[in-house]
Amino acid sequence: MSFPTTRLRRLRRSELLRSFVQETRLSAKNFIYPLFVGPGSGVKREIASMPGNYQFSVDRVGEECREVADLGVPAVLLFGIPETKDERGSSAYGDDCIVAQAVRAIRQAVGEKLLILCDVCLCEYTSHGHCGVLKGQEVDNDATLDLLAEESLSYARAGADMVAPSDMMDGRVRAIRRALDGASLSHVSILAYSAKYASVFYGPFREAADSAPQFGDRRSYQMDPSNQREALREIALDIEEGADMVMIKPAMPYLDVICRARQEFPIPIAAYQVSGEYSMIVAAAQRGWIDRERAMMETLTAIRRAGADVILTYFAKDAARLLAC
Ligand code: PBG
């Protein structure tokens, strides 16, 4: 059956019809809102490279999380900005590290109304800015695993629902799972940043988290943007090691990877619309070159359409507000 019997425009005639046959629907329930927690008190400082996003001190992060929960967004992902850095990223772990403090403050503020996820990585905490400990000029994979496990334990003990390792060391999901299970924390889940690409789109985040590598780059541990099949191997390994959910990051430049992963694996899939994806839209909108709201909704819809179950996005609050109207 073809034209003139078939006319696809027939179902596009009105808003009601279009919405009736919509294949992908966005919901705030699928968003995770990333948050930056740093030292001091009374701090809510806007991040210059990510307008509309803030760095909070522990005493102010609770009120922000109440707002997030009230908007119907079910989860936050925490990044810590420590007071001091050293070779081994010591400020990433221990009961009083910045993220553990934030987890306790948020739990006190919102109870069980929010899922608290914690990014697990060393780059914000190491003096050299790499995601693990160094042996010479190289990141020592196996020596890093213990530290990532220690970091995960600190966040889980503080009350995190989920830890999200973003370091891209081999074997970290297994190391973290074992550590959690060994500490009677088998209820804490792991969202693995499985296919994390060595992307230029993390630029604004590195300014926000002061986590740019002091020498070299991350290409010896993060993935080559050219590779799709390798992403499937990363995901398969993380599932085998015990990941409860997997992530693809960035999102928009890697929709093909999300789509393939959706076809191959039954596991819940997250996609991270990263800082550069966010800031490009915001900057273009500030210049009047693009409509901020429409770009936000179109990109989020595209990421869901490709197959992501949940989206980590700096637009979470804005999009939730819009979806509520
Ligand atoms: C830490 C980490 C990064 C991001 C999330 N976790 C930075 C990096 O790998 O350089 C990027 C998030 C974003 O750009 O929004 N390893």
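In listed order, ligands and their atoms are each counted from 1.
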(message) When you measure from the heavy atoms of Gln273 to every atom of ligand 1, does any distance fall below 4.0 Å?
(response) no
(request) Check for a donor-acceptor pair, side chain of His128 on one end and backbone N or O of Glu87 on the other, with a separation under 3.5 Å. (result) yes
(request) Specify side chain, backbone, both or neither for Tyr272, according to which of its non-hydrogen atoms lie closer than 4.0 Å to ligand 1. (result) side chain
(request) Can you see which heavy atom on Pro74 is nearest to which on Lys29, and at what distance? (result) CG-O, 3.2 Å
(request) Considering the heavy atoms of Ser166, write down every atom of ligand 1 situated less than 4.0 Å from one of them. (result) 1 (C), 2 (C), 6 (N), 16 (N)
(request) List in chain and number order the residues that pass salt bridge (charged side-chain N to carboxylate O under 4.0 Å, His left out) with Lys317, two or more places apart in sequence or in another chain; answer none if no residue qualifies. (result) Glu64, Glu67
(request) Look only at interatomic distance and state if Ser211 has a nitrogen or oxygen under 3.5 Å from any nitrogen or oxygen of ligand 1. (result) no
(request) Kindly check if the number of other-residue, nucleotide or ligand heavy atoms within 6.0 Å of CD (Gln22) is above 12? (result) yes
(request) Under 4.0 Å from a heavy atom of Arg218: give me the atoms of ligand 1 that qualify, with their elements. (result) 8 (C), 9 (O), 10 (O)
(request) Tell me which part of Asp167 gets within contact of ligand 1: side chain, backbone, both or neither, using heavy atoms under 4.0 Å. (result) neither
(message) Give me the residue, atom name and distance of the protein heavy atom closest to atom 9 (O) of ligand 1.
(response) Lys196 NZ, 2.6 Å
(request) For Arg25, look at atom CZ and say whether over 12 heavy atoms of other residues, nucleotides or ligands are found less than 6.0 Å away. (result) yes
(message) Minimum distance, heavy atoms only, to atom 5 (C) of ligand 1: which one of Lys249, Glu207, Glu124, Met50 is it?
(response) Lys249
(message) Taking the basic N atoms (NZ, or NE/NH1/NH2) and the acidic carboxylate oxygens, is any pair closer than 4.0 Å for Arg104 and Asp96?
(response) yes
(request) Name the option, out of Tyr314, Phe201, Tyr202, that contains the heavy atom nearest to atom 15 (O) of ligand 1. (result) Tyr314
(request) Report, in ascending order of atom number, the atoms of ligand 1 lying under 4.0 Å from any heavy atom of Cys123. (result) 1 (C), 16 (N)
(request) Look at the rings of Phe79 and Tyr272 and say which category their plane angle falls in: under 30° parallel, 30 to 60° tilted, over 60° perpendicular. (result) tilted
(message) According to ring pair (Phe, Tyr, Trp, His ring centres under 6.0 Å), does anything in residues 279-301 pair up with another residue at least two apart or in another chain? List the pairs.
(response) none
(request) Tell me, please: is Gln222 in heavy-atom contact with ligand 1, that is, under 4.0 Å? (result) yes
(message) If you compare all heavy atoms of Arg107 against all heavy atoms of Leu114, which two are closest, and at what distance to 0.1 Å?
(response) NH1-O, 3.2 Å
(message) Need the ligand 1 atom indices (1-based, order shown) with element for anything under 4.0 Å from a heavy-atom of Cys121.
(response) 1 (C), 16 (N)
(message) Nearest non-hydrogen contact with atom 14 (O) of ligand 1 belongs to which option: Ala212, Ser275, Ser49?
(response) Ser275
(message) Using a 4.0 Å cut-off to any heavy atom of Val274, which atoms of ligand 1 qualify?
(response) 13 (C), 14 (O), 15 (O)
